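Every value quoted in this text rests on a predicted model; they were computed, and no experiment measured them. Letters go in sequence order (proteins before strands), and every chain restarts at 1.
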Amino acid sequence: MAAITQRPKGTQDVVPSEVYKWYTVEQIASETARQFGFKEIRVPTFEDTGLFVRSVGDTTDVVQKEMYTVSATGDSTFTLRPEGTAGTIRALIENGVLNEGFPQKVFYILSCFRHEKPQAGRLREFHQFGCEMAGAANARADADVIALAKSVLDRLGLKGIELNINSIGCPECRSQYHKALKEYFEGYKDSLCETCQGRLEKNPMRILDCKSQEDKQIAENAPLILDYLCDDCKEHFEQLQNNLRLMGIDYKINARIVRGLDYYTRTVFEFITTDIGAQGTVCGGGRYDGLIEQLGGKPTPALGFGMGLERLILTMESQGCDFKKPEKCGIYIASMGQKGESKAVELVGKLREEGFFAEYDLVGRGLKAQMKYADKIGASFVVVLGDNEIDSGEAKLKNMRTGEQTDIKLDDSFVDSFSGIFFSDMLSDENFRNMISSIAKDGE
RNA sequence: GUGGGUAUAGCGUAGUUGGUUAACGCGUCAGUUUGUGGCACUGAAGACCGUGGGUUCGAAUCCCACUAUCCACCCCA
């Protein structure tokens, strides 16, 4: 296959027959966010490279080797966002949104870009649903944000997704901890695997998460961050847990979760599934109290999370979750002959004006083929228009589910008559009734 | 960047001691007489068997290289 007809490595096409899965996730995520008081924000796909270097951190993998940086004509370089938080916070500062009172709560659905080697659940262009909250220092805010993420996962129908939480403290307690950790691992330096020997300098906390059997054993007795938290951080973490308990949200303290972006402080969390391979973090986030100040805003506590839409969909597929089915054609108008074709165009136009999903033949199929097509696209009703119908001004409206046929006039009353039959059929449909009653139950 | 797997029609696959027109299912299109779908039957279109070399009288089938893709490490959503 020629390169020009091939999508770039690590990107994905969503074909028409699959988009409904995306609609489902996007709709549930944004509706849930709005219900929690978050408003949508839309920001550019690319930002000044420096923004990511300063926020994500210049020692992180994301900045060091995964950024898509493009130079425009002139001297500035831009980078396709590798994550959503930096640009969002930048926008909140730049537009003065943080002066409009606290807390500020925003959400977004956008694509991110990282130059990584693709594998299951990891793409170079991927999509994130993210939420950010600024101006709330209280641990209740942490719990609230986690509750929002949890709600989204629940409403998508996902099961067995484990919430892992941890506190990585503030910069003060973390540097204490780093020191202790380094001292500990120095003692085992020669036994550590190669990558971990490198981590010793760069980020000793990562050694805790190593998969190597030997390193795991060494790490078992390593000092824990939770023992090094200052009083305030410790209290914050306690409060978070109290709130989670109040909300009935199960969690696991996992001292090994360490986020790979530098801006995190105190609370970090991940929702993890084992259903989609090695890249099982379906949602990751935490608090970043220093970021806003670091980017030039007034010191303002903040926190947020990102969810990978591809990973959500993968998990839903693997768990057999329900996606909202795409809407199907309400009425297909088949036609034969010039007069019938003209009438079909006219009626479909009127039906669409009234909001109906209506279609007619566009490729010149025979009657039988039109019927097959109507069946294939799942049309609820079909009308056949030929010379006989045009002359008599009356046609048969066929219910494709029951096979039942009803006479219908082709004059101005057509749309109203159809409307009546269409909705009464919906009410008599068992699936529809079940749907309505389950919605009513949810609302109780 | 480091490993391992795979590459046959739109999709899913068969095709292993190398041998004439590469098979099947789904899908697509058309028909099965008279103006009405779902089932069944018939037929058609659609593949330079990832690319390039090599071995051989002869390769989808063996060898090499390349490319793509998948999975894992790493990292993260």
Side-chain angles (χ1 to χ4, degrees), chain A residues 1-3 5-12 15 17-18 56 60-66 81-85 109-130 149 193-196 198-199 202-203 206 209-212 257-261 264 268 270-273 276-285 304-315 332-337 340 363-389 395-403 405:
Chain A
M1 212 190 288
T5 61
Q6 187 167 40
R7 64 176 165 266
K9 187 197 280 281
T11 62
Q12 231 174 24
V15 294
S17 57
E18 292 284 306
V56 175
T60 58
D61 277 12
V62 170
V63 165
Q64 280 190 341
K65 43 189 202 191
E66 296 172 3
R81 60 180 168 228
E83 51 94 59
T85 301
I109 291 174
L110 42 69
S111 48
C112 299
F113 307 85
R114 292 184 198 171
H115 188 92
E116 297 189 270
K117 194 148 175 186
Q119 77 185 68
R122 191 170 76 187
L123 293 160
R124 289 184 171 181
E125 179 183 15
F126 62 100
H127 296 79
Q128 265 191 8
F129 160 69
C193 74
E194 221 170 286
T195 41
C196 281
R199 286 164 164 162
K202 203 175 117 190
N203 190 350
R206 288 233 157 270
D209 202 20
C210 185
K211 305 272 191 308
S212 138
I257 72 161
V258 182
R259 321 263 39 251
L261 311 179
Y264 286 111
V268 291
E270 289 184 10
F271 283 89
I272 302 170
T273 174
I276 56 171
Q279 308 299 323
T281 301
V282 120
C283 170
F305 66 80
M307 281 193 192
L309 300 193
E310 286 83 357
R311 289 187 189 175
L312 289 177
I313 291 172
L314 280 176
T315 315
Y332 181 89
I333 300 193
S335 59
M336 316 171 60
V363 296
R365 274 187 248 255
L367 178 62
K368 192 151 187 158
Q370 290 185 57
M371 290 302 293
K372 281 193 178 182
Y373 180 75
D375 181 61
K376 193 184 77 176
I377 64 175
S380 304
F381 289 89
V382 170
V383 171
V384 176
L385 301 182
D387 289 350
N388 296 346
E389 285 77 11
K396 299 260 187 234
L397 177 69
K398 180 167 184 172
N399 183 322
M400 293 294 274
R401 190 164 47 82
T402 63
Q405 300 207 37

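Between G12(B) and G27(B), the two P atoms lie 15 Å apart (nearest whole Å). Rounded to whole Å, the separation between the P atoms of G4(B) and C39(B) comes to 47 Å. Rounded to a whole angstrom, the distance from the P atom of G3(B) to that of C57(B) is 37 Å. Comparing the same atom, C1', in U55(B) and in C70(B) gives a spacing of 30 Å after rounding to whole Å. With P as the reference atom, C71(B) and G53(B) are 32 Å apart, rounded to whole Å. Here, A22(B) and G5(B) have their C1' atoms 25 Å apart, quoted to the whole Å. For the C1' atom pair drawn from A45(B) and U56(B), the interatomic distance equals 35 Å after rounding to whole Å. Across U8(B) and G52(B), the matching P atoms stand 16 Å from one another, rounded to whole Å.
Note on Val282(A): only backbone sugar-phosphate atoms sit closer than 4.0 angstrom, heavy atoms only; bases stay farther off. Using a 4.0 Å heavy-atom criterion, one finds that Cys283(A) contacts the sugar-phosphate atoms exclusively. Within 4.0 Å of Gly121(A), counting heavy atoms only, lies at least one base atom of the nucleic acid. Among the protein residues, Gly403(A) comes within range of the nucleic acid bases, having at least one heavy atom under 4.0 Å from a base atom. No engagement by Gln64(A) is indicated, since no non-hydrogen atom pair under 4.0 Å with the nucleic acid exists.
Across all strands shown, U2(B) forms a Watson-Crick or G-U wobble pair, both distances under 3.5 Å, with A72(B). If you check G58(B) for Watson-Crick or wobble pairing at under 3.5 angstrom, you find it has no partner at all. C41(B): Watson-Crick or G-U partner is G31(B), with both key distances under 3.5 Å. Base pairing analysis places G25(B) opposite C11(B); the two distances defining the Watson-Crick or G-U wobble pair are each below 3.5 Å.
Only Asp375(A), Lys376(A), Val384(A), listed by number, bring a heavy atom of residues 374-386 of chain A to less than 4.0 angstrom from any atom of RNA chain B.
Closest to the side chain of Ala120(A), out of A72(B), U36(B), C74(B), is A72(B). Here the nucleotide nearest the side chain of Arg114(A), chosen from C73(B), C74(B), A77(B), is A77(B). Ranking A77(B), A30(B), G37(B) by closeness to the Lys398(A) side chain, first place goes to G37(B). Which of C75(B), U36(B), A72(B) sits closest to the side chain of Arg122(A) comes down to C75(B). Proximity note for Gln6(A) (side chain, C-beta onward) versus U32(B), C70(B), A68(B): the nearest is A68(B). In the set C75(B), A77(B), C73(B), C75(B) carries the atom at the smallest distance from any side-chain atom of Glu66(A). Minimum atom distance to the side chain of Lys117(A) is reached by C71(B), of the listed C71(B), A77(B), C75(B). In this structure, of C71(B), U36(B), G31(B), it is G31(B) that holds the atom nearest to the side chain of Lys372(A).
Two residues are said to be in side-chain contact when any heavy atoms from C-beta on lie closer than 4.5 Å; Met307(A) and Phe271(A) fail this criterion. Inter-residue side-chain proximity for Asp375(A) and Met400(A) is flagged as met; some heavy-atom pair is nearer than 4.5 Å. Counting heavy atoms from C-beta on, the side chains of Glu310(A) and His127(A) come closer than 4.5 Å. Taking 4.5 Å as the limit, every side-chain heavy atom of Glu66(A) sits out of range of all side-chain heavy atoms of Thr60(A). In this structure the side chain of Glu389(A) never reaches within 4.5 angstrom of the side chain of Lys396(A), judged on heavy atoms. Residues Lys65(A) and His115(A) have side chains not in contact (no heavy-atom distance under 4.5 Å, counting atoms from C-beta outward). No side-chain heavy atom of Ser380(A) sits less than 4.5 Å from a side-chain heavy atom of Arg401(A). Within the 4.5 Å cutoff, side-chain heavy atoms of Val56(A) are placed close to those of Glu83(A).
Side-chain nitrogen and oxygen atoms of Arg365(A) include at least one within less than 4.0 Å of the OP1 or OP2 phosphate oxygen of C29(B). Residue Lys368(A) places at least one side-chain N or O closer than 4.0 Å to OP1 or OP2 of G37(B). OP1 or OP2 of A72(B) lies within a sub-4.0 Å distance of a side-chain N or O belonging to Gln119(A). At U69(B), one or more side-chain N or O atoms of Lys9(A) fall inside 4.0 Å of OP1 or OP2 (strictly under the cut-off).
Minimum interatomic distance between Ile377(A) and Tyr332(A) (heavy atoms only, all atoms of both residues): CD1-CD1, 4.2 Å. The two residues Leu123(A) and Gly10(A) have their closest heavy-atom pair at CB-O, 3.3 Å.
A donor N or O paired with an acceptor N or O is not found under 3.5 Å between the base of U36(B) and the side-chain atoms of Lys396(A).
The distance between atom CD of Glu18(A) and atom C1' of C11(B), rounded to the nearest whole Å, is 12 Å. For the pair His115(A) NE2 and C74(B) C1', the interatomic distance rounds to 14 Å; values are reported in whole Å. Rounded to whole angstrom, the span from the CD atom of Glu116(A) across to the C1' atom of C74(B) amounts to 9 Å.
With its ring centre under 5.5 Å from that of the base six-membered ring and a plane angle below 30°, Phe126(A) counts as stacked on A77(B).
Two residues, Met400(A) and Arg311(A), neighbour RNA chain B, and the one matched to the more 5' nucleotide by heavy-atom proximity is Met400(A). Where Leu123(A) and Asn399(A) each meet RNA chain B at their nearest nucleotide, the meeting point lying more 5' is that of Asn399(A).
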